[in-house]
Trainee: 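Sending over a structure as structure tokens; questions will come in a sec.
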Amino acid sequence: MAAPQPEPDSVPSAIGRDAELARAESAAAAVAAELRRRAAGLDGAAHDVLEAQALILEDPAARAGVSERLDSGVTAERAVFEAFAAYRDLLAGMGGYVAGRASDLDDLAQRVIAVLRGVTAPGVPHPGHPFVLVAHDLAPADTATLDLDEVLAIVTVEGGPTSHTAILAREKALVAVVGAAAATWLVEGETVIVDADAGRVVREPDATAIAAVSERRARLAAEAAEPSAPGRLADGTPVPLYANLGDPAGAADAVALGAEGVGLFRTEFLFLDADDAPSRSEQQGAYEQLFTAFAGRPVTVRVLDAGADKPLAFLGVRHEENPALGVRGIRALRRAEPVLRDQLAALADAAARHPVDLRVMAPMVATAEEARYFAALVREAGLPSAGVMIEVPAAALTARHVLAAVDFASIGTNDLTQYTMAADRELAGAAELQDPWHPAVLRLVAEVGDAGAALGRPVGVCGEAAADPLLAVVLVGLGVTSLSMSASALAGVRAGLAKVTASDARRIARAASAAEDAATARAAAADEAAFVQD
Ligand code: PEP
Ligand code: MG
């Protein structure tokens with residue numbers, strides 16, 4: 001996937017205004033024709049979006065904007081850049097639905113400039129055959145809309161293992177290696193093995209390596225198809241194992257892989273592309289689909305978690321310099337309370353028609369007061385169980401107060417690690433610090449586990465840490481009572497838990513928590529666990 005085009009320099013044209021105008025017009029026409037070619041193969045909203053983009057390029061006002069800028073003697077590249085940027089700013093300033101179209105103008109400008117420069121247009125390519133997508137970075141919205149018949153695997157230079165792109169890939173069982181700095185060496189058309197387990201990309205593998213991979217894929221598919229028992233420790237202590245989902249379409253597979261319920265339904269993933277707040281009936285349809293697949297079982301739904309790499313245009317959060325620390329999660333919802341109330345009402349309606357053991361939780365809660373606010377709204381909506389995600393160190397350290405206000409907690413180790421280590425989860429360069437094995441993170445988990453035990457509140461983990469079989473044992477040893485993960489990880493975690501008793505888990509957890517850093521914590525836990533199995 002070609003990288004975005006750099007901003008064209010403002011240099012004088014060498015060929016004159018009229019020749020530049022002809023270049024700009026022909027590049028715009030070429031892009032419009034390409035958009036129409038792709039639109040012809042699609043229907044519904046996808047068709048309409050591409051058709052609308054083609055129309056924008058042909059709009060007389062857009063063409064006049066380019067022509068006007070050429071009067072100052074610049075190149076076609078610069079004139080297109082400036083004209084589209086001016087329109088983009090205009091739309092962005094109007095807010096609401098119209099502001100949501102601003103990014104379309106950036107995309108179009110990028111495409112026209114790529115044609116003018118004779119380079120590949122940025123964005124997900126459509127070569128017409130299955131391929132491995134290699135990108136500098138992928139936005140969650142790009143990943144959510146990838147066509148899985150076309151994209152066999154993804155490899156990105158940027159991104160950490162808990163970035164939402166990686167999470168979405170995991171949920172779609174899409175093989176992915178992220179944070180692979182050397183991916184820039186890969187060239188179009190070569191054959192690669194993308195080994196997500198090992199975090200490696202093998203170039204030009206020989207026939208033996210390809211045969212070994214095919215055999216491993218077949219074995220994993222057969223193992224996944226085996227029926228599974230509920231999660232429990234060797235001494236019989238139950239540890240329910242749940243699935244993380246962002247789309248009800250994944251529910252059937254999760255059930256087949258032995259998910260005992262849903263521990264985290266990321267509702268914002270349904271609406272990453274939406275310009276307007278989803279209607280109650282639109283939401284209700286998605287929730288009913290999910291509840292049908294998990295009839296009568298525990299389903300934990302998280303209300304919209306907007307912010308950082310998951311902006312939701314309709315919540316009206318303004319641009320922030322530091323969005324990971326900004327108006328996100330429950331903070332953003334609180335400022336858009338009608339959206340939150342609608343969501344709770346849609347959940348109540350869906351649960352009335354398709355009963356499940358429904359639990360609703362709020363993201364990014366930092367204080368007990370926020371927890372009380374949310375719980376009151378959940379109860380007002382007639383819903384039975386209100387919880388909070390513990391992802392902010394402040395909430396973990398004051399867990400007794402926070403948990404007193406609600407019925408349960410679920411620890412989001414992805415954000416909890418990011419905020420504890422001050423290491424951006426989207427940044428490959430900080431991936432080493434983004435490690436939930438760090439004893440600082442484990443101690444915060446223990447705070448929450450202790451508070452849960454003292455108050456009789458269940459404490460789950462739904463961050464990616466729950467999917468690591470040894471770390472799952474540590475989390476249980478720290479007082480965590482259920483684990484939720486992408487469904488493909490359930491079998492490994494189930495097998496790991498079955499090998500230890502509750503007191504083994506506590507001992508392994510103590511060894512890890514006393515360590516100096518993440519690597520030594522992992523090694524200490526592995527040593528203790530090996531001792532148990534001997
Ligand atoms: C987390 O932060 O661990 C979590 C589960 O939420 P998300 O990954 O969606 O931020
Ligand atoms: Mg989170």
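We count ligands from 1, going down the list as the structure has it; atoms in each ligand are counted the same way. Every heavy atom of this structure was used, including side-chain atoms; hydrogens, water molecules and symmetry mates were not.
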Trainee: Show the numbers, then the answer: is there a salt bridge (Lys or Arg N to Asp or Glu O under 4.0 Å) between E369 and R334?
Mentor: CA-CA 12 Å; E369 188 275 330; R334 208 167 176 176; 2.8 Å; yes
Trainee: Is it true that atom CZ of R379 has more than 12 heavy atoms of other residues, nucleotides or ligands lying nearer than 6.0 Å?
Mentor: yes
Trainee: Which ligand 1 atoms are under 4.0 Å away from a heavy-atom of I167?
Mentor: 8 (O)
Trainee: Give the residue and atom name of whichever protein heavy atom lies nearest to atom 7 (P) of ligand 1, and the separation in Å to one decimal.
Mentor: H164 NE2, 3.2 Å
Trainee: Per the side chain to side chain contact (heavy atoms under 4.5 Å, CB included) rule, which among V303, D407, T267 passes with V360?
Mentor: V303
Trainee: Check the pair R341, E380 against salt bridge (Lys or Arg N to Asp or Glu O under 4.0 Å), reporting the backbone distance first and the verdict last.
Mentor: CA-CA 9 Å; R341 285 183 181 276; E380 230 177 273; 2.8 Å; yes
Trainee: Which residue supplies the protein heavy atom nearest to atom 2 (O) of ligand 1, what is that atom called, and how far is it?
Mentor: E391 OE1, 2.8 Å
Trainee: By atom name, which N, O or S atom of D415 is the nearest to the Mg ion (ligand 2)?
Mentor: OD2
Trainee: Would R302 count as a contact of ligand 1 if the rule is a heavy atom under 4.0 Å away?
Mentor: yes
Trainee: Out of all atoms in ligand 1, which are within 4.0 Å of some heavy atom of G463? Include the element for each.
Mentor: 3 (O), 5 (C)
Trainee: Which of the atoms in ligand 1, numbered in the order shown and given with their element, are less than 4.0 Å from a heavy-atom of R266?
Mentor: 4 (C), 5 (C), 6 (O), 7 (P), 8 (O), 9 (O)
Trainee: Answer yes or no as to whether an N/O/S atom of D305 is found below 2.8 Å from the Mg ion (ligand 2).
Mentor: no
Trainee: Below 3.5 angstrom, do we get any N/O pair linking D415 and ligand 1?
Mentor: yes
Trainee: Please could you name the atoms of ligand 1 that R425 approaches to less than 4.0 Å, counting only its heavy atoms?
Mentor: 2 (O), 7 (P), 8 (O), 10 (O)
Trainee: Under a 4.0 angstrom heavy-atom cut-off, which atoms of ligand 1 come close to L264?
Mentor: 5 (C)
Trainee: With a 4.0 Å cut-off, would you call K310 and D305 a salt bridge?
Mentor: yes
Trainee: Please report the shortest heavy-atom distance between A487 and A254, naming the atom on each side.
Mentor: CB-CA, 3.8 Å
Trainee: By number and element, which atoms of ligand 1 are closer than 4.0 Å to a non-hydrogen atom of C462?
Mentor: 5 (C)
Trainee: Taking just the N, O or S atoms of E391, which one is nearest to the Mg ion (ligand 2)?
Mentor: OE1
Trainee: Please determine whether any non-hydrogen atom of Q418 lies less than 4.0 Å from an atom of ligand 1.
Mentor: no
Trainee: Please identify which atoms of ligand 1 are closer than 4.0 Å to at least one heavy atom of K310.
Mentor: 9 (O), 10 (O)
Trainee: Within this structure, what is the CZ-CG distance for the pair F265 and L358, rounded to the nearest 0.5 Å?
Mentor: 11.5 Å
Trainee: Return the minimal non-hydrogen interatomic distance between M389 and C462, and the atom names on each side.
Mentor: CE-SG, 3.4 Å
Trainee: Measure across R232 and G236 and return the closest heavy-atom pair with its distance rounded to 0.1 Å.
Mentor: NH1-O, 3.0 Å
Trainee: Quick one: OG1 on T501 to CZ on R506, what's the gap to the nearest 0.5 Å?
Mentor: 7.5 Å
